[in-house]
Amino acid sequence: MRFRLIPGALAVLALVALFLWQWSFGWTPDRARFPVQGLTVSAGDGPIDWPTVRARGADFAYVTASRGTQRDAAFETNWNGAHAIGMRHGALHAFSLCEPTADQVTTYLTTVPRATDALPATLSLDFSPDCTARPTRAQVMAAIRGFLGPAEYHDGRAMMLRISPAFEAEYRVSAAIVRPLWAQRRFFEPDYLARPWRMWQANPARRIDGVARPVAWSVAAQ
């Protein structure tokens, strides 16, 4: 009898897993607690229908400008698209441990316009599969500061640091460099940074009308 129940139990578990998987694509934090919510976009997300995205609840957008020394092919289109509908938007640079900091700064400065009405720009700190370099903590801190100096002079304000849990565990950036922080943790509020976060990437793959692929969804702290 027990063995006959196993296939049925497995089927139920499979259906529950499928439901949770599909539910996760639409999940966002409670608007009553986090009324300001938005998305991060890049060329990999394909064309974006900005009016539809705003109508579906996006209050702001962070537009990927560059990764390492490579410009994002859709930056200008996405930047102008968000601007055209009056959505608040800011630029994001994904830092690379495998490329010279000076070259990354050049790419960023020649890609992102100085805009006084933009949100503070973000420096994203995470490991990537195509880069296995692991410099010392002192070297990484020097590289980050080497990027922030000219980038912040260009922008006219402090940048935000979006730090992944793995990167923070390895280098403890939030304790060494005082900047607004953007944490990442799926579904549950993050607590791994040395200081309170200003932004929380709560769902790395949310489906929203107006974008063909799931996008990272974040909220601002109250």
Side-chain angles (χ1 to χ4, degrees), residues 36-126 128 130-131 143-144 146-164 179-180 182 184 198-199 201 203-220:
V36 180
Q37 306 194 9
L39 72 168
T40 304
V41 297
S42 69
D45 297 314
I48 296 174
D49 182 340
W50 287 102
T52 298
V53 167
R54 183 173 62 178
R56 295 298 183 270
D59 303 302
F60 64 85
Y62 267 90
V63 182
T64 302
S66 42
R67 297 178 182 277
T69 58
Q70 300 298 314
R71 294 182 176 86
D72 188 273
F75 172 74
E76 186 175 0
T77 298
N78 287 335
W79 184 266
N80 292 338
H83 179 78
I85 64 165
M87 180 182 288
R88 299 204 68 191
H89 54 289
L92 181 145
H93 173 80
F95 194 77
S96 171
L97 295 177
C98 287
E99 298 183 86
T101 301
D103 293 344
Q104 296 189 59
V105 168
T106 298
T107 301
Y108 176 83
L109 296 182
T110 56
T111 302
V112 179
R114 184 171 186 177
T116 57
D117 61 340
L119 294 170
T122 294
L123 182 63
S124 179
L125 303 170
D126 197 0
S128 59
D130 60 348
C131 175
I144 292 172
F147 185 95
L148 291 175
E152 290 178 339
Y153 180 81
H154 170 76
D155 294 335
R157 71 186 101 178
M159 295 186 79
M160 191 180 308
L161 299 179
R162 189 180 74 177
I163 313 172
S164 75
R179 294 292 190 282
W182 186 346
Q184 298 174 294
R198 185 77 57 82
M199 294 264 291
Q201 181 181 293
N203 191 342
R206 186 204 173 191
R207 291 195 183 279
I208 182 172
D209 291 344
V211 188
R213 299 180 182 179
V215 292
W217 192 260
S218 299
V219 302

How long is the span from the [atom1] atom in [X] to the [atom2] atom in [Y], to the nearest 0.5 Å?
X      : Y      : atom1 : atom2 : answer
Ile85  : Asn80  : CD1   : CG    : 12.0 Å
Ile144 : Leu123 : CD1   : CG    : 6.5 Å
Arg54  : Arg88  : CZ    : CZ    : 14.0 Å
Ser66  : Asp103 : OG    : CG    : 12.0 Å
Arg206 : Thr40  : CZ    : OG1   : 13.0 Å
Arg71  : Thr64  : CZ    : OG1   : 15.0 Å

Test item: [X] side-chain N/O and [Y] main-chain N/O as donor-acceptor pair under 3.5 Å:
X      : Y      : result
Asp72  : Ala74  : yes
Glu152 : Met159 : yes
Gln201 : Ala216 : no
Thr122 : Ser124 : no
Thr107 : Thr69  : yes

Side-chain heavy atoms of [X] within contact of [Y], under 4.5 Å:
X      : Y      : answer
Asp155 : Tyr108 : yes
Ser128 : Arg67  : no
Tyr62  : Ser218 : no
Gln184 : Pro204 : no

Minimum heavy-atom separation for [X] to [Y], with atom names?
X      : Y      : answer
Gly68  : Ser96  : CA-CB, 3.9 Å
Val105 : Pro150 : CG1-CG, 3.6 Å
Gly90  : Trp79  : C-CZ3, 3.5 Å
His154 : Val112 : NE2-O, 2.8 Å
Leu39  : Ala58  : CD2-CB, 3.7 Å
Pro120 : Ala158 : CB-O, 3.8 Å

Query raised in the report: Mind checking whether Phe147 and His93 have parallel, tilted or perpendicular rings, split at 30° and 60°?
Result: parallel

Query raised in the report: How far apart are the C-alpha atoms of His83 and His89, what are their side-chain angles, what is the distance that settles it, and do they pass the side chain to side chain contact (heavy atoms under 4.5 Å, CB included) test?
Result: CA-CA 7 Å; His83 179 78; His89 54 289; 3.6 Å; yes

Query raised in the report: Taking everything shown except Arg213 itself, do over 12 heavy atoms lie less than 6.0 Å from its CZ?
Result: no

Requested in this report: Please report the C-alpha distance between Arg179 and Leu148 in whole Å, then the side-chain angles of each, then the deciding distance to 0.1 Å, and finally whether the side chain to side chain contact (heavy atoms under 4.5 Å, CB included) criterion is met.
Outcome: CA-CA 10 Å; Arg179 294 292 190 282; Leu148 291 175; 4.0 Å; yes

Query raised in the report: So, Trp217 versus Gln37: side-chain donor-acceptor pair below 3.5 Å or not?
Result: yes

